[in-house]
Amino acid sequence: MIPRKTKWLLIGLLIPVLFGCGGDDAQQSGAVQPVVVKTMTAEVQALEHRLTYAGSVEPIERVRLATRIMGWVDAIPFAEGTRVQKGAVLVKLRSKDIEAKRAQVEASITEATAHFDNMQKNLQRVESLFAKKAATQKELDDTRTGFASAQSRKLAAEEMKSEVEEMLSYSELRAPFNGVVARKMLDVGDLANPGMPILEVENMDKIKIVAKVPESEIDALTVGISVAVKVSAVRIRSGGQAADVGTNGKTITGKIDRIVPAGDPMSRQFEIQVVVDNSGHQIKSGMFARVAVGNTESATLMVPTNAVFRRGQLQGIFVVDSENRARLRWVRTGVTQEGLVEILAGLNPGENVVLDGATSLVDGQAVSAERIRSGGEVAQ
């Protein structure tokens, strides 16, 4: 009979042997498969160097319509965003009291005109009698005075009508130009006070980009020079894909229309205005825009922005070596332009850079690379 201590010793020795027999098979069955990744060859490309300024989109024309009279808002026929033609009635105030006053003035004009006509005939008759020595000088003077009074009364009534007509015109606010109803400050039934804005109209056929330029760079700009404008928030559909504003995703060309000669004494910056055509009304007032001036080029190493990832304060990329393994590289980046980022250090031209999924890789991991050409096609 085997002693108890000896039995437990034999069991302890057999356990590693039993589990170790299938160790190689387990490792083989659990071997990590290469991760499929897309790569692109890092190439030296021409990088455009431009002076870039942040700006805001504003309409070429903007008017806040207000009235000089107090009255209740009777109608606002157009909703916000509606295009209107010059001269269209945008706001109608209740004006029955002014219309009644106009009717009274018109009646006064009729009366004054009739009196004036009568006095004019009377004056002609008295002048004729006076020439024949049939009327005295006093009668002629009194008749002339009455005629002058009737003439003044008629003129005063006509001027009163002009005043009432002017007041009545303030009850209707018309579009000063072809544009878009941008904002309503009051609704039907609200009380409009003199000078209070009721409606805002914008002309967006053209827009102006208002940007700030540092004092150190303002001398390089002149009115009339062409600049590139990009509004990232606006996109158009081209071939089923969204592209930046402009044909085939190109930036818009504008011209500097104005340079304000007086700078801000606090920020030491000067305001410039760039005019851009916006006939399609794709760009909206208040959007963020960038204005780029100049067009010098230099050769630099560029990679797609989705190849670069961040870990803390560091930026890295993965490259695929000759053994099809992902190798981590910490890099220093420069400017970003058109979906590409400049690599200043940490990468050599000709290396295969992993595009997507780099954050899930580890240094030395086996990969199966699918190389992508710069045009987006899979290399054969």
Side-chain angles (χ1 to χ4, degrees), residues 54-99 102 164-212 229-237 242-247 251-255 257-258 260 271-291:
S56 181
V57 175
E58 295 183 8
I60 196 69
E61 293 179 292
R62 173 188 287 155
V63 172
R64 287 188 173 182
L65 300 179
T67 180
R68 290 181 58 183
I69 62 175
M70 179 181 292
W72 302 101
V73 178
D74 227 11
I76 302 180
F78 300 96
E80 292 174 331
T82 306
R83 300 192 67 174
V84 295
Q85 299 296 316
K86 180 179 179 179
V89 177
L90 304 183
V91 179
K92 181 71 174 67
L93 301 182
R94 195 171 303 168
S95 57
K96 291 184 177 179
D97 54 340
I98 304 177
E99 292 173 357
R102 181 176 61 178
V164 173
E165 292 285 358
E166 183 71 12
M167 293 291 291
L168 194 60
S169 69
Y170 298 140
S171 67
E172 290 185 348
L173 303 183
R174 298 177 180 271
F177 46 74
N178 296 339
V180 177
V181 177
R183 188 177 304 165
K184 293 196 301 183
M185 289 76 168
L186 295 180
D187 292 317
V188 174
D190 290 340
L191 180 64
N193 292 309
M196 176 189 295
I198 302 175
L199 208 66
E200 187 174 276
V201 183
E202 296 180 346
N203 180 3
M204 296 297 292
D205 292 338
K206 287 187 177 181
I207 58 171
K208 58 183 179 182
I209 313 298
V210 179
K212 302 290 185 179
V229 177
K230 186 173 184 180
V231 185
S232 299
V234 179
R235 297 180 179 272
I236 59 176
R237 294 285 173 179
D244 293 327
V245 171
T247 305
T251 53
I252 305 170
T253 299
K255 288 186 177 181
D257 181 67
R258 181 186 178 197
V260 179
E271 182 179 290
I272 66 170
Q273 294 181 4
V274 178
V275 175
V276 175
D277 181 69
N278 188 38
S279 55
H281 289 200
Q282 294 171 315
I283 305 176
K284 308 299 181 184
S285 175
M287 286 185 172
F288 176 79
R290 289 191 180 276
V291 177

**Report entry** Any side-chain heavy-atom pair of R174 and L90 under 4.5 Å
**Finding:** no
Query raised in the report: Is M167 close to R68 at the side-chain level, that is, under 4.5 Å between some pair of heavy atoms?
Result: no
Residues 183-196, side-chain donor-acceptor partners within the protein, below 3.5 Å, at least two apart:
residue, atom, partner, partner atom, Å
D190, OD2, D187, N, 2.8

Requested in this report: Answer whether the closest heavy-atom distance between the side chains of R102 and L168 falls below 4.5 Å.
Outcome: yes
Query - Residue pair K208 / Q273: nearest heavy atoms and the distance that separates them - result: CD-OE1, 3.7 Å
Query raised in the report: For Y170, does its backbone N or O pair with a side-chain atom of T67 as donor and acceptor, under 3.5 Å?
Result: yes
Query - Qualifying residue, where the test is salt bridge (Lys or Arg N to Asp or Glu O under 4.0 Å) with D74 and the options are K96, K92, R94 - result: R94
Report task. Quick one: do R62 and S285 satisfy side-chain hydrogen bond (donor to acceptor under 3.5 Å, both in side chains)? Show the steps, please. Result -> CA-CA 10 Å; R62 173 188 287 155; S285 175; 3.1 Å; yes
Query raised in the report: Taking all non-hydrogen atoms of both residues, which atom of A289 and which atom of I209 are closest, and how far apart?
Result: CB-CG2, 3.8 Å
**Report entry** 4.5 Å side-chain heavy-atom contact, E172 and V89
**Finding:** yes
**Report entry** Minimum heavy-atom distance L93-G71, with the two atoms named
**Finding:** CD2-O, 4.3 Å
Query raised in the report: Looking at side-chain heavy atoms only, is the closest gap between L173 and I198 below 4.5 Å?
Result: yes
Query - Student check: side-chain heavy atoms of N203 and N178 closer than 4.5 Å - result: no
Query - Minimum side-chain heavy-atom gap D257-K255 below 4.5 Å - result: no
Query - Result of checking V229, V57, V231, I60 against V276 for side-chain contact (heavy atoms from CB on, under 4.5 Å) - result: V229
Query raised in the report: Donor-acceptor pair, N278 side chain versus D205 backbone, under 3.5 Å?
Result: no
